Amino acid sequence: MSEKIGLREAMSIGIGGMVGGGIFAVLGLAVSLSKGGTPLAFLFAGGIALITSYSYVKLSKTYPDRGGTVKFINQGFGQTIFSGGINNLLWISYIIMLSLYASAFGSYAPNLFAITGGQLDFHIYASGIIILASAINYYSIKVVGVIESYAVIIKLVILIGFIGVGIYGLMGNPNLEQLAPSNWEAPLQLLTGGMVIFVAYEGFELIANAAPDIKDPEKNIPRAYYSSIIFVICLYIIIAVVTVGSLPFKEIATAQDYVLAEAAKPMLGKVGFTIITIAALISTFSAINASLYGGSRVSYEIAEDDELPSEFTYQLWNQPIGLLITAILTLTLTNTLELESISTAGSVGFLLIFAMVNFVGFKLAAETGSTKWIPLAGGVLCCIALLALLQQQFSSNEMGVIVAVGIILFCFLIEAIYKKMERNKKG
């Protein structure tokens, strides 16, 4: 019997999953796309996450399972090529998130200690942290849990401190004018800006994997989802306001990959820069640790449902073989793709997955006791956001869109080939 977890622990899983490396990795990108409207972009993305969480609440209460999203997709669509393709996409999206976190780590770390003083530092740090986190995952899952529980507290304390000092520092700051509506991008650009950074919210779905262990699930599952998402929306909006109000757009663009640390400089100087850099390193490291574990579990669950070869249920050094494969694929992506392409691919993956979970929520509304129009609205909103993101990014980041669409097609192709091979074996 596993120990039951309370509301506080369930919320920390959601908050820890969202406030991982995401905000550190994509804040600069958000400002470059949305300018003064960045807080609104975070609100758009958070709104879609909040509506989608309604489907997650209902499905988590009705079908509590450690497979989480994998279980919901199979419950709604059966064990078909389609559900297998979507579940494969979930695993690949974990790998994309890992690449995003590793990229953030690789961008922040050289500011504390440069090794070569050039672009090679990024690759050394980003690759090194993936290898270190993989070693920790192999050494002890308990250590992963301990690191995560301390990291959640440290990064929240530092971020809330940054907000407190930042709001005080905004008084009389001439850059506050940058938040005026005249500096906002067009509404469609704001929407797509929010969608490119949608990856900063995807972590709430980790609560679904913990659903069977949550005490008093009727009360605590909805509270855990809604409270953690609303808290993170407020946190991100205030961080966006402080950042845009503290630094000129030109400086934000120059420091795009480590902008949160740069935003602490006007108030706290070099010390603030260093503190936020350390917070970014702790956050991204803990996010890599937890996501490596989550990613290997996803591949294991998919294989258990016969949507990936049974070899994925094998163990290597007492961990699922998926852990090693996840780490190798993360190293490859991190060292070959640009940050914007990684972020676009991750957001496209999760918007499609969340659209499907919403449609499952709509389809199974009678069984879950859902109000039908909410999951339907969530599914339609995810699809509109996905199309807007693909259309806008295709004009400015063609490679990112090609990579994202290629990954989706690859996930379905692999599933179709696997199912055909299985039929031939049985035939």
Side-chain angles (χ1 to χ4, degrees), residues 2 5 10 13-14 17 52 55-56 59-98 134 137-138 141 144-145 148 202-214 217 221 225 288-330 346 349-350 352-354 356-357 359-361 364 407-408 410-412 414-419 421-422:
S2 64
I5 60 172
I13 288 169
T52 299
S55 296
Y56 268 94
L59 291 164
S60 297
K61 287 203 293 184
T62 312
Y63 311 106
D65 189 277
R66 285 191 186 87
T69 302
V70 173
K71 167 77 173 175
F72 304 155
I73 295 292
N74 288 341
Q75 197 71 39
F77 298 109
Q79 289 178 347
T80 60
I81 289 173
F82 179 77
S83 60
I86 291 291
N87 286 331
N88 289 342
L89 180 62
L90 178 66
W91 178 36
I92 298 296
S93 296
Y94 263 96
I95 293 165
I96 293 165
M97 291 306 300
L98 277 160
S134 303
N137 268 266
Y138 273 114
I141 290 305
V144 174
E148 190 58 27
E202 60 75 32
F204 74 84
E205 59 101 25
L206 295 173
I207 296 171
N209 303 77
D213 303 319
I214 294 176
I221 286 177
Y225 276 108
I288 291 164
N289 244 334
S291 301
L292 264 174
Y293 176 66
S296 66
R297 293 301 310 167
V298 166
S299 63
Y300 183 88
E301 296 278 351
I302 297 168
E304 271 204 320
D305 290 337
D306 198 29
E307 291 169 340
L308 274 176
S310 59
E311 284 79 2
F312 278 88
T313 61
Y314 292 179
Q315 301 269 312
L316 176 71
W317 303 317
N318 295 322
Q319 294 302 333
I321 190 79
L323 177 57
L324 181 65
I325 298 166
T326 300
I328 291 167
L329 290 172
T330 303
F350 276 107
L352 183 55
I353 291 158
F354 288 166
M356 293 309 116
V357 171
F359 289 133
V360 169
L364 303 178
I407 286 170
I408 293 167
F410 175 75
C411 290
F412 285 99
I414 288 291
E415 192 60 32
I417 292 168
Y418 172 63
K419 287 281 197 268
M421 284 164 64
E422 287 293 286

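What you are looking at is a predicted structure, and each value in this text was computed from that prediction instead of being measured. Below, each value reflects all heavy atoms present in this structure, side chains not excepted, and no hydrogens, waters or symmetry copies.
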Report summary line: By salt bridge (charged side-chain N to carboxylate O under 4.0 Å, His left out), Glu415 pairs with (sequence neighbours left out) Lys419
What are the two closest heavy atoms between [X] and [Y], and how far apart are they?
X      : Y      : value
Gly68  : Ala208 : CA-CB, 3.9 Å
Ser60  : Tyr225 : OG-OH, 2.8 Å
Ile214 : Ala10  : CD1-CB, 3.9 Å
Ile221 : Ala211 : CD1-CB, 4.1 Å
Pro217 : Lys61  : O-CD, 3.9 Å

Partners passing side chain to side chain contact (heavy atoms under 4.5 Å, CB included) against [X] (at least two apart in sequence or in another chain):
X      : answer
Ile407 : Leu89, Ile92, Ile96, Ala345, Val403, Cys411
Thr326 : Trp91, Ile95, Leu98, Leu292, Thr330
Lys71  : Tyr63, Asp65, Gln75
Phe410 : Ile414

Requested in this report: Test Asn87 against every option in Val298, Ile353, Ile302 by the side chain to side chain contact (heavy atoms under 4.5 Å, CB included) rule and name the one that passes.
Outcome: Ile302
Query raised in the report: Looking at residues at least two apart in the chain, or sitting in another chain, which of them share a ring-ring contact (aromatic ring centres under 6.0 Å, His included) with Tyr56?
Result: Phe72, Phe204, Phe354
Report task. For Phe77, check ring-ring contact (aromatic ring centres under 6.0 Å, His included) against everything at least two apart and list the hits. Result -> Phe82
Requested in this report: Check whether any side-chain N or O of Ser83 sits under 3.5 Å from a backbone N or O of Gly78 as a donor-acceptor pair, and report yes or no.
Outcome: yes
Query raised in the report: For the atom pair CG (Asp305) and CG (Asn74), what is the distance rounded to the nearest 0.5 Å?
Result: 5.0 Å
Query raised in the report: If you round to the nearest 0.5 Å, how far is CZ of Phe412 from CG of Asn88?
Result: 8.5 Å
Report summary line: For Ser55, the side-chain hydrogen bond (donor to acceptor under 3.5 Å, both in side chains) test, sequence neighbours excluded, returns Asn358
Report task. Applying side-chain hydrogen bond (donor to acceptor under 3.5 Å, both in side chains), name anything that partners Asn209, two or more places apart in sequence or on another chain. Result -> none
Report task. Kindly indicate, with the supporting measurements, whether the criterion side-chain contact (heavy atoms from CB on, under 4.5 Å) is fulfilled by Leu352 and Ile86. Result -> CA-CA 8 Å; Leu352 183 55; Ile86 291 291; 4.2 Å; yes
**Report entry** Stepwise side-chain contact (heavy atoms from CB on, under 4.5 Å) test for Leu59 and Val357
**Finding:** CA-CA 9 Å; Leu59 291 164; Val357 171; 3.8 Å; yes
